[in-house]
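Worksheet: the structure to be examined is printed underneath.
Positions are given from 1, in the same order as the sequence printed here. Both counts, for ligands and for their atoms, begin at 1 and track the order of listing.
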Amino acid sequence: MTFSPVSHHQDGALYINPQALANALPYFEYINGTLYFDGVSTHTLKEIYGTPLYAYSQRALLANYQSYTDAFDAIDHQICYAVKANSNLAILKTLAKAGAGFDIVSKGELARVLQVTDAKKVVYSGVGKTADDIEYALKADIHCFNVEAISELDTINEVAGRQNQIARISLRINPDVDAKTHPYISTGMKDNKFGISHEQAVAAYMYAHNLPNLKIVGIDCHIGSQLLDTDGFSDALDKLIELIDTLTDKGIKLQHIDLGGGLGVRYIDENPVSVNQVATVLLPRLKQLGLKLYLEPGRSLVANAGVLLTTVDVLKPTEFKNFAIVDASMSELIRPALYESQMAIIPAKLSRDTAKTWDVVGTVCESSDFLGKDRILSLQVGDTLVITGAGAYGFSMACNYNTRPRPCEVMVNHGTHRLIRKREALDDLWKDELI
Ligand SMILES: *Cc1c(COP(=O)(O)O)cnc(C)c1O
């Protein structure tokens, strides 16, 4: 199926058919011309909470999680949600209740997880863990450290010894496979900073094996993000299996294999493989391996469970370009500026007025402050626009640049809505500052 809601015009401008896009994404629907998200009118959301506003569908989130547990049902597995994609406590709580564990990359993320559940199912990735981070994680009794450097083994061993604990560890292997994604989100090639090279892996395991306060439990990798096909996962699995065989020969026995996250999503007209397709490709080898499977999905659980609502404040046609200036910006949603990612922008209310080509931009003083370029839209001041796919790496990357309060966040669920984070107030912005 190669259905696409998109057409490109001669001048390179992008037209996204809003109804077709809504039909392609679960829990979006135009009713009498107004966009509903998981049964809640976007008009209602704006009236009650104002804009800019992030909204997440609890149903979509749980459905995405369920697609993983269903796909890998045939083997023992644990899905560990990558907290950095969206770390709101209500999102974490929803997933914890459904049975998810968590993949964390900082002490702060662990502290968040501890607000909603315990650390039993936490795996801790990250290239630069300090002794202080490790002490905190050991006290919380996380499931496992995903170790990214040999010196980290020494630090964990030392801290664990001091605390009279045995630290469970896995080594994050850099399998040197091409994830075929944007270079900023590719993490599994040999020139990336992440993981321990395939060549050094066996020596690193032997080293870990001899450290008294460590217990080797697994092997892991994470090759990148927004992967659209199964090749990267499949190649990485092959590389890891090769290593596991060598380790077995050397008397090192593992309990789990963790293939990381990275599965891509449809933002506009991408056609990523489904979790089921990934499972179909990997399961025969995983069954034969007999180890518990860990996965660390972030984006694929939350991206399309979230939207950013924004209001058009100023329309500024110029000789060269038409600018639609909205109340969201790169401070609230940095993906277009940081990765040149294209996100769908559709109207909250369908319009029959003539359309023009607009750059949808924020008010931040940077020319990279755009949310979408050359978009064919019919716009009036006061209109609400909906940016889909904004549930992942949206709010979690938001900042206060240009002294902008961060937006509020709302959970919608089957026609209901509730605030899950207040809009920042102006005086929140300097509350930690000293004159
Ligand atoms: C970011 C990250 C993930 C999640 O990646 P997604 O593309 O959001 O699925 C998983 N594991 C590690 C180690 C990460 O750094």
Open item on the list: Suppose we call two aromatic rings close when their centres sit under 6.0 Å apart. Are F28 and F37 close by that rule?
Closed with: yes

So if I count the atoms of ligand 1 from 1 in the order they appear, which ones are less than 4.0 Å from some heavy atom of [X]?
X	answer
A82	3 (C), 4 (C), 10 (C)
P297	9 (O)
R172	13 (C)
G261	9 (O), 10 (C)
S125	13 (C)

Task: ring-ring contact (aromatic ring centres under 6.0 Å, His included) partners of residues 106-133, not counting sequence neighbours, each pair once - done: Y124-F145

To which protein heavy atom is [atom] closest, and what is the distance rounded to 0.1 Å?
atom	result
atom 5 (O) of ligand 1	H222 CE1, 3.3 Å
atom 2 (C) of ligand 1	K84 NZ, 2.3 Å
atom 10 (C) of ligand 1	E296 O, 3.1 Å
atom 8 (O) of ligand 1	Y393 OH, 2.6 Å

Any N or O of [X] closer than 3.5 Å to N or O of ligand 1:
X	result
V105	no
L263	no
R299	yes
S225	yes

Task: Backbone of D327 reached by a side-chain donor or acceptor of T310 within 3.5 Å - done: yes

So, are [X] and [Y] salt-bridged, with charged N and O less than 4.0 Å apart?
X	Y	result
E109	K84	no
D141	R168	yes
D176	K239	no

TODO: May I ask you to test the Y205-L254 pair for a side-chain heavy-atom distance under 4.5 Å?
DONE: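 Result yes, sub-4.5 Å side-chain heavy-atom pair found.
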
Open item on the list: Check contact between A85 and ligand 1, using heavy atoms of the residue and a distance below 4.0 angstrom.
Closed with: no

- [ ] May I ask whether S300 places a heavy atom under 4.0 Å from ligand 1?
- [x]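 Judged by the 4.0 Å heavy-atom criterion, S300 does not count as contacting ligand 1.
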
Task: Face-on cation placement of R112 at F102 ring, 6.0 Å and 45° thresholds - done: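 No, cation not above the ring by the 6.0 Å, 45° rule.
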
Open item on the list: Once rounded to the nearest 0.5 Å, what's the spacing between atom CD1 of I268 and atom CD1 of I345?
Closed with: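 That separation rounds to 8.0 Å.
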
TODO: With sequence neighbours left out, write down each residue that passes side-chain contact (heavy atoms from CB on, under 4.5 Å) with D70, or none if nothing qualifies.
DONE: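 D70: side-chain contact (heavy atoms from CB on, under 4.5 Å) contacts with Q66.
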
